[in-house]
Number of protein chains: 2
Amino acid sequence: MTRYYKEYDHHLVALDCIIFGFDEGELKLLLLKRKFEPAQGEWSLMGGFLGKSESLDEAASRILNQLTGLTNIYMKQLFAFGDIERDPGARTISIAYYALIKIDENDRKLAETHGAEWISISKLPGLIFDHSIMVEKALEALRRRTSREPIGFELLPVKFTLPQLQSLYESICGEQLDKRNFRKQILETGLLVKLDEKDKESSKKGAFLYKFDHKKYNSYVEKGFLFQLKVKSGQIIKENNGILLDKSA
Amino acid sequence: MTRYYKEYDHHLVALDCIIFGFDEGELKLLLLKRKFEPAQGEWSLMGGFLGKSESLDEAASRILNQLTGLTNIYMKQLFAFGDIERDPGARTISIAYYALIKIDENDRKLAETHGAEWISISKLPGLIFDHSIMVEKALEALRRRTSREPIGFELLPVKFTLPQLQSLYESICGEQLDKRNFRKQILETGLLVKLDEKDKESSKKGAFLYKFDHKKYNSYVEKGFLFQLKVKSGQIIKENNGILLDKSA
DNA sequence: ACTTTAAGTGTAAGATATACACTTGTAAAA
DNA sequence: TTTTACAAGTGTATATCTTACACTTAAAGT
């Protein structure tokens, strides 16, 4: 490769992964205790450094794979963090990615060997550096994206029940949803396939299992159709479909 | 600063700015003809390299300032581009920012000395490297953000008319809007202050000038109120307030 | 005085979101 | 075997929001 730009500074580029999972009705993050200095022993996100011959997406996937053994995971770039003092170890640019995974016993064991743990969003410990800010930002991004794309299914088993799905959406948006309205809305999309099987884990009656119709969804996306769910972030106090509601004035 | 991580690769980190303006009823980008190799003479975004002692935001602001002389500009990080071959000059990570500026004669002259030109979104030339992808992504981000935040005002003079504002929103979302509905919606926010002055540039009758009430907006933001305008991206064929509209099935 | 041009204004109908309570199926306990 | 307990599953009416739509007004130029 030809070489221009020789005179400019070069930088360490890190990747940090915010790994979301859903388990026991709670949204969780896969966190680990850092095994090297600086900040050894403290809670952090899984991270690593960018190599010369890998793209950002490739590096992020590699790092996720090291921790979970998983490939082909839903992963999106979140944001680049570049404050000078963000990492006391050295001036490092960190590009954060978030991943959505289906928590599973196998992955769980592999993660454990790295000293990683699934921790509920509502019980997060303090994290090193700017990792808590990354998590906050990832949650906002997850909420926003959930309302535009059917990504919830990335966090559930292939077969899931409607009560599970509703509980997931409730965890993401931090708000109770009406069962009838939720079911009506989600079934109207035509993107769920009802199976002839029930899951009896959580009730005597049992709830029918469904699966997400990825093929149909992709064909809709190509046609320009749009998935849209009203998912409010926990921050919103009062909202209107118009612009801004000003009942007080 | 202590030094850990010594053994990892270091990378060139660039910043590229997608600079939006609004003029003559059109959304425009400030582009320039590249003055150095590789790809000398081709159209590109304004860019530069990250220095050792500046944050990403600082570097992006510096680069914008070099071209326009402006400071305190609305600027947001867009995305980090890191494909290995994206810049034939060297392996470079580029972090793209987009900026919204009020086009003004002074800036226009400074920009010209750099060989920069304001070019309408609808007449963009091919750009070097992945810059066209950056622009496409920036437009999507602008559309999305416009529907959640009142950022249109960053592109207009401090005093503006409602027809101007409507025309801006139409340019951003690529769609005609109904005059009465638009005015109703935007005035209901209570965020516009009507002035006792008219602008007679574009009609004999003249249109009243307004200004945006930043102070009131900030107080709303603190209270958690939300600005929301229905701005559709040009890509969306058919949309519904529910989830996905499936009238065809 | 007449013409031209864009600014400015209100309402009714249709679509969408929301609120709400009882029945069903099954397992476990009595 | 009957009863109890528990979550799954189902429909409608009202309120709210979005949309479509046409005439009047002000001022400059002829």
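Hydrogens, waters and symmetry mates play no part in the numbers below; they use all other heavy atoms, side chains included. Per chain, numbering begins at 1; letters A, B, ... match sequence-line order.
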Asks: Quick one: does NZ or CZ of K76(A) land under 6.0 Å from the six-membered ring centre of Y98(A), within 45 degrees of the ring axis?
Replies: no

Asks: Taking only side-chain nitrogens and oxygens of K184(B), does any of them come within less than 4.0 Å of OP1 or OP2 of dT9(C)?
Replies: no

Asks: Please report, rounded to the nearest Å, how far the P atom of dT26(C) is from the NZ atom of K204(A).
Replies: 13 Å

Asks: At less than 3.5 Å, do the side-chain atoms of K205(B) and the base atoms of dT25(D) form a donor-acceptor pair?
Replies: yes

Asks: So does R183(A) get a side-chain nitrogen or oxygen closer than 4.0 Å to the phosphate oxygens (OP1/OP2) of dG9(D)?
Replies: yes

Asks: Given atom CZ of F208(B) and atom P of dA6(C), what is their separation to the nearest angstrom?
Replies: 19 Å

Asks: Taking the six-membered ring of F208(A), is the NZ or CZ of K198(A) close enough (under 6.0 Å from the centre) and on axis enough (within 45°)?
Replies: yes

Asks: Could you check how far CD of Q166(B) sits from P of dT9(C), rounded to whole Å?
Replies: 13 Å

Asks: Give the minimum heavy-atom separation between K179(B) and Q166(B), together with the two atoms involved.
Replies: CA-OE1, 3.6 Å

Asks: Using whole Å, report how far CD of E175(B) lies from C1' of dT18(D).
Replies: 13 Å

Asks: Can you find an N or O donor on one side and an acceptor on the other, under 3.5 Å apart, linking the side chain of N181(A) with the base of dA17(C)?
Replies: no

Asks: Nearest heavy atom decides the nucleotide; on that basis, is Q164(A) or D178(A) closer to the 5' end of DNA chain D?
Replies: Q164(A)

Asks: For K102(B), look at atom NZ and say whether over 12 heavy atoms of other residues, nucleotides or ligands are found less than 6.0 Å away.
Replies: yes

Asks: Rounded off to whole Å, could you give me the CD-to-C1' distance for the E188(B) and dG10(C) pair?
Replies: 13 Å

Asks: From CG of L209(B) over to C1' of dA7(C), roughly how many Å is that when rounded to an integer?
Replies: 13 Å

Asks: Would you kindly check whether a donor in the side chain of R180(B) faces an acceptor in the base of dA7(C), or vice versa, at under 3.5 angstrom?
Replies: no

Asks: Of the options dA27(D), dT26(C), dA7(C), whose atoms approach the side-chain atoms of K200(B) most closely?
Replies: dA27(D)

Asks: To the nearest angstrom, how far is Y210(A) atom OH from dA8(D) atom C1'?
Replies: 10 Å

Asks: I'd like to know if R108(B) and D23(B) make a salt bridge, using a cut-off of under 4.0 Å between side-chain N and carboxylate O.
Replies: yes

Asks: Can you tell me the distance, in whole Å, between the CG atom of L177(A) and the P atom of dA19(C)?
Replies: 11 Å

Asks: Base, sugar-phosphate, or nothing: which does S202(B) touch, judged by heavy atoms less than 4.0 Å apart?
Replies: sugar-phosphate

